[in-house]
Amino acid sequence: MAQALGRVLVVDDDEVIRQLIAVNLTLEGFDVATAVDGQDCLDKVAAIDPDVITLDVMMPRLDGWVTAGQLRRNPQTSRIRVVLITARAQEDDKNRGREIGVDAYLTKPFDPGEMIRVVRELAGAAASEAREGEDAPQARASASGGTSGPDNETGYSPGSSPGLPEAGGPPAPGPHRAA
């Protein structure tokens with residue numbers, strides 16, 4: 001069986017949208033799990049250990065804003081890439097997402113192809129950082145100095161957010177966070 005592209009946790013209270021996202025990502029080759037709201041996401045995240053979380057904003061019990069903030073503050077989950085997929089398209093909402101430290105912001109209705117592209121990029125960046133973490137002791141032992149900057153074809157630097165404000169828009173500077 002082929003290696004999955006990465007593990008994604010799809011969080012949305014609307015079953016149709018949750019299944020639409022999950023089916024598209026599964027067909028693309030991702031290992032997908034689902035959660036019905038923010039609290040369900042937080043309850044499942046440790047066991048699932050996703051590379052990427054797609055997160056709706058407007059949900060019962062625990063909304064996407066609070067959930068994303070808790071994911072960012074927890075050292076065990078702060079490295080997980082978060083994509084907000086929401087009907088909230090106001091500039092204030094996008095700015096709030098950047099302040100929380102989400103990695104991408106897609107507005108509903110969204111293009112499934114664009115959603116897959118964003119998740120693929122973020123999963124690739126997460127995998128690259130994981131490989132770097134495994135190679136770090138070896139790299140430190142052989143390094144004779146170094147340079148900083150983007151470390152892979154996507155141009156993301158370790159510890160930075162890709163800062164995609166929305167599908168089709170130019171990348172915006174994202175907040176930096178500790179890994």
Side-chain angles (χ1 to χ4, degrees), residues 6-26 28 30-126 156 160-179:
R7 190 171 298 121
V8 181
L9 177 56
V10 175
V11 186
D12 200 302
D13 62 316
D14 183 313
E15 183 177 356
V16 172
I17 293 173
R18 187 172 60 246
Q19 290 306 314
L20 171 71
I21 295 169
V23 166
N24 275 281
L25 292 172
T26 300
E28 195 64 23
F30 288 95
D31 180 15
V32 178
T34 61
V36 298
D37 61 28
Q39 186 60 55
D40 193 27
C41 170
L42 295 176
D43 292 344
K44 292 179 175 179
V45 71
I48 293 168
D49 190 28
D51 301 299
V52 178
I53 295 174
T54 67
L55 186 60
D56 186 21
V57 170
M58 296 180 291
M59 295 182 291
R61 291 203 305 168
L62 201 58
D63 69 27
W65 302 123
V66 174
T67 305
Q70 289 188 20
L71 289 166
R72 287 292 172 249
R73 285 189 298 274
N74 181 337
Q76 282 77 43
T77 60
S78 63
R79 63 157 180 77
I80 300 170
R81 307 298 184 167
V82 176
V83 181
L84 288 181
I85 300 180
T86 178
R88 299 185 63 112
Q90 299 297 315
E91 199 56 40
D92 285 348
D93 296 317
K94 294 173 189 175
N95 288 334
R96 186 173 179 187
R98 280 191 279 281
E99 288 168 8
I100 291 170
V102 301
D103 299 286
Y105 196 104
L106 298 175
T107 56
K108 294 176 185 175
F110 59 90
D111 171 28
E114 179 68 7
M115 183 268 304
I116 289 167
R117 184 194 65 77
V118 169
V119 171
R120 184 184 287 272
E121 276 186 21
L122 294 175
Y156 303 149
S160 72
S161 166
L164 300 173
E166 62 182 312
H176 293 276
R177 63 180 187 273

If you measure from CD on Glu114 to CD1 on Ile116, what distance do you get to the nearest 0.5 Å?
10.5 Å
Could you give all pairs that pass the side-chain hydrogen bond (donor to acceptor under 3.5 Å, both in side chains) test and reach residues 41-53, with sequence neighbours left out?
Gln39-Asp43, Asp40-Lys44, Asp49-Arg79
Asp103 side chain vs Val82 backbone, donor-acceptor pair below 3.5 Å:
yes
With side chains defined as the heavy atoms from C-beta onward, is the minimum distance between Asn24 and Glu28 less than 4.5 Å?
no
Arg72 with Glu99: basic N within carboxylate O range, under 4.0 Å
no
pair Leu42-Leu71: side-chain heavy atoms closer than 4.5 Å
yes
Apply side-chain contact (heavy atoms from CB on, under 4.5 Å) to residues Met115 and Leu25 and explain how you reach the verdict.
CA-CA 9 Å; Met115 183 268 304; Leu25 292 172; 3.8 Å; yes
Any residue meeting side-chain hydrogen bond (donor to acceptor under 3.5 Å, both in side chains) with Arg7, in chain and number order, not counting sequence neighbours:
Asp31
Which distance, rounded to the nearest 0.5 Å, do you find between the SG of Cys41 and the CG of Leu55?
6.0 Å
Please report the closest heavy-atom contact between Ala123 and Val52, naming both atoms and the distance.
N-CG2, 3.6 Å
Measure across Gly97 and Leu84 and return the closest heavy-atom pair with its distance rounded to 0.1 Å.
CA-CD1, 4.3 Å
Under the rule for side chain to side chain contact (heavy atoms under 4.5 Å, CB included), what residues qualify as partners of Gln90, not counting sequence neighbours?
Asp93
Taking salt bridge (charged side-chain N to carboxylate O under 4.0 Å, His left out) as the cut-off, I'd like each qualifying pair that reaches into residues 12-24, sequence neighbours left out, listed once.
Asp12-Lys108
Would Arg96 and Asp92 count as a side-chain contact (heavy atoms from CB on, under 4.5 Å) here? Give the steps.
CA-CA 6 Å; Arg96 186 173 179 187; Asp92 285 348; over 6 Å; no
Would you check if Asp56 and Val11 make a side-chain contact, meaning some heavy-atom pair closer than 4.5 Å?
no
Suppose we screen for side-chain hydrogen bond (donor to acceptor under 3.5 Å, both in side chains). Which residues come up paired with Arg73, at least two apart in sequence or across chains?
none
Drop me the distance from Phe30's CZ to Leu9's CG, to the nearest 0.5 angstrom.
13.5 Å
Tell me, which pairs form a side-chain hydrogen bond (donor to acceptor under 3.5 Å, both in side chains) where one or both residues lie in residues 61-70, sequence neighbours left out?
Asp37-Arg61
